[in-house]
Structure formats: structure tokens, C-alpha cells
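Values below: all heavy atoms of this structure, side chains included; hydrogens, waters and symmetry mates excluded.
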Amino acid sequence: PRREAKEEEFIPKVALRWTLSDDHMVYGLYTQGTRPGGVNRSRGEPFFPKAYTSDLMDNYEAGYRSSFGDGRGRFNATFYHMVWTDYQLQLTDPASSSCPDGDAIDNVCGQPWQKVVANVGNAKSRGLEVQFDWAATEHLSVGANATWLDAKLTEDVEISITVPKGSRLPLSPEFKGSMYAQYDWDVDWFGGSSAWLRLQWSYTGSMLNQVEPLTLDDGPAPQIRQPSYNIGDLRFGLDHGKWSMQLYVNNLT
């Protein structure tokens, strides 16, 4: 059957900026964001509704922007606090679990296994981001960035089990960061006029694949913790005014 829907939202954005000097600035920001609702392509009679509504996010942000060393360096910091209402989340439909006697029961058990999107309640995402770049010499530039994140449910969610308040949102590492160093120099190779060598390294902390604390005995899609990981990349480039060439190795280790 055909389904129709209409939504209207007024999305405000208010920002204040204070320039402390030519090289330093602070700001504050409030804005809202929303994701539209939609319809799940469900099979059978799942536990969750076939449609889900839009969610709303209130974002409160404060930041600091600066440059130093006559513009050769930059340091930025941003703190944000996001409040999610009617948070949309992809979940394993609890009716996908097996029935004790083998007979399917609508909205309860024995339905075709499926992932659906549902409005699960309220959540928050709070974090701090810092960024640093510096042209240390005429040829050498270095930089780093880091993010600390606290993303959790702010109320209990009742599915076939209780997902307690304070559960981490999926795919949300508590820390991630990266750094790089790049060396540039003039050359006269094969018509190229400049070359560069760049080493970059990133770290991502552990994260969960879903918010539901399920095991293999609870259903076909258990909660899995993805361990933290590092990725190192090495790149070499040769540039000309009209062309460039790069050689690279991704994930050195």
C-alpha cells in the first residue's frame, strides 16, 4: 500500500563570536538538526512499527580558534554537547528470535530476521576536539588532532530486553586521534619541480556495533566490541605545474 507523510520543521541557528586579537577568537553556537522519518522494508509482523518518525538534535558548542608564529601554526579547540530527542537507531527486531515451541507469534517471535530503524528515546553526545598544525621549517610541517567522545543513552530503552540508561551508542569510540609529518623539497626529476614525503598515523578506540547487549544465545545479531586499532600510511609525491604523481602504502603494519 502507498504511504504518504509530510513534515515541517523550523531549524534555528544562533552564533556569537568574540575576536580577542588578530590571532585569537572564541565563539558560541546553538543550532538544531533533524533527520527525516521513513519506512522500514519489513517482512512478516515485526515488533517495531513499520514507520519511524524524525529525530531532533539540539547542539550547544563553544570553540577557540588561534594562529601563532606569524601564521605558521594553528591551534583550534571545540567543545560540543548534543541532546538527541526520539533518537533514530538501527536495531535487531526482537521478533526475529526463535519461539520456544517453534510456532511463529506475530510481534513476539519467529518472524523473519531483520534490522529496522526505530525511535528509541533520548540520547546525548558530548565531546572535545583539538587540532594542531605547524610549519616547523621551510620544508617540514607537522600536525595532530584528537577527539574525546561520550555518546550514551539518557534513558532506559525497552525492547525484548532492557537497554539501560548510560549504554554507549554504537560506532562511537571514546577516543580517536591522528598525527602527520610532511617534508617538501625542490627537485628536478623527470620534469617535476617539487617532491614531498608524508607519514601519517591514526588511532581509533574500541567501539560497539550496536546498543543492544545481546549474546549469541539472544538472537542472530549479537553485540560485538570492535577492538581499538592503528593505521599508518606512507605517501610520496612528485609535482609539476600540469601533473602530479603519487606512490603510497596504506596500512603499513
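With hydrogens and angles disregarded, a donor-acceptor distance shorter than 3.5 Å links the side chain of Gln111 to the backbone of Glu45. Of the possible donor and acceptor atoms, one in the side chain of Glu155 sits under 3.5 Å from a partner among the backbone N and O of Asn122.
With hydrophobic clusters built from ILVMFWY side chains whose heavy atoms lie under 4.5 angstrom apart, Leu89 shares a cluster with Val116. Under the 4.5 Å side-chain heavy-atom criterion for ILVMFWY residues, no single connected hydrophobic cluster contains both Tyr180 and Leu197.
A donor-acceptor contact closer than 3.5 angstrom links the side chains of Asn145 and Ser178.
Classification of the Trp189-Trp185 ring pair by plane angle, with boundaries at 30° and 60°, yields perpendicular. Using the six-membered ring where Trp is involved, Phe68 and Phe132 have ring planes that are parallel, under 30° apart on the 30 and 60° scheme. Ring geometry for Tyr64 against His24 counts as parallel: the plane angle stays under 30°, on a 0 to 90° scale with 60° as the upper cut.
Taking every heavy atom of both residues into account, Arg168 and Pro173 meet most closely at NH2-CA, 3.8 Å. Residue Gly44 comes nearest to Pro112 through the heavy atom pair CA-CD, 4.2 Å, listed as atom of the first residue, atom of the second, then distance. Across all non-hydrogen atoms, the minimal contact from Gln88 to Ser54 is NE2-CA, 3.6 Å. Considering all non-hydrogen atoms of both residues, Asn40 and Pro49 come closest at ND2-O, 3.5 Å.
The side-chain hydrogen bond (donor to acceptor under 3.5 Å, both in side chains) check on Asp86 picks up nothing, with sequence neighbours excluded.
Considering His139, Arg198, Arg235 in turn, Arg198 is the only one that fulfils the side-chain hydrogen bond (donor to acceptor under 3.5 Å, both in side chains) rule with Gln182.
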Original post:
Asn119 and Thr53: side chain to side chain donor-acceptor pair (under 3.5 Å), yes or no, with the steps?
Top reply: CA-CA 7 Å; Asn119 300 97; Thr53 62; 3.2 Å; yes
**OP:** Run the numbers on Lys176 and Met207 for side-chain contact (heavy atoms from CB on, under 4.5 Å), then give the verdict.
**Re:** CA-CA 11 Å; Lys176 62 180 179 179; Met207 66 185 84; over 6 Å; no
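Cation-pi contact between Arg65 and Tyr27: absent, since separation from the ring centre below 6.0 Å together with deviation from the ring axis within 45° is not met.
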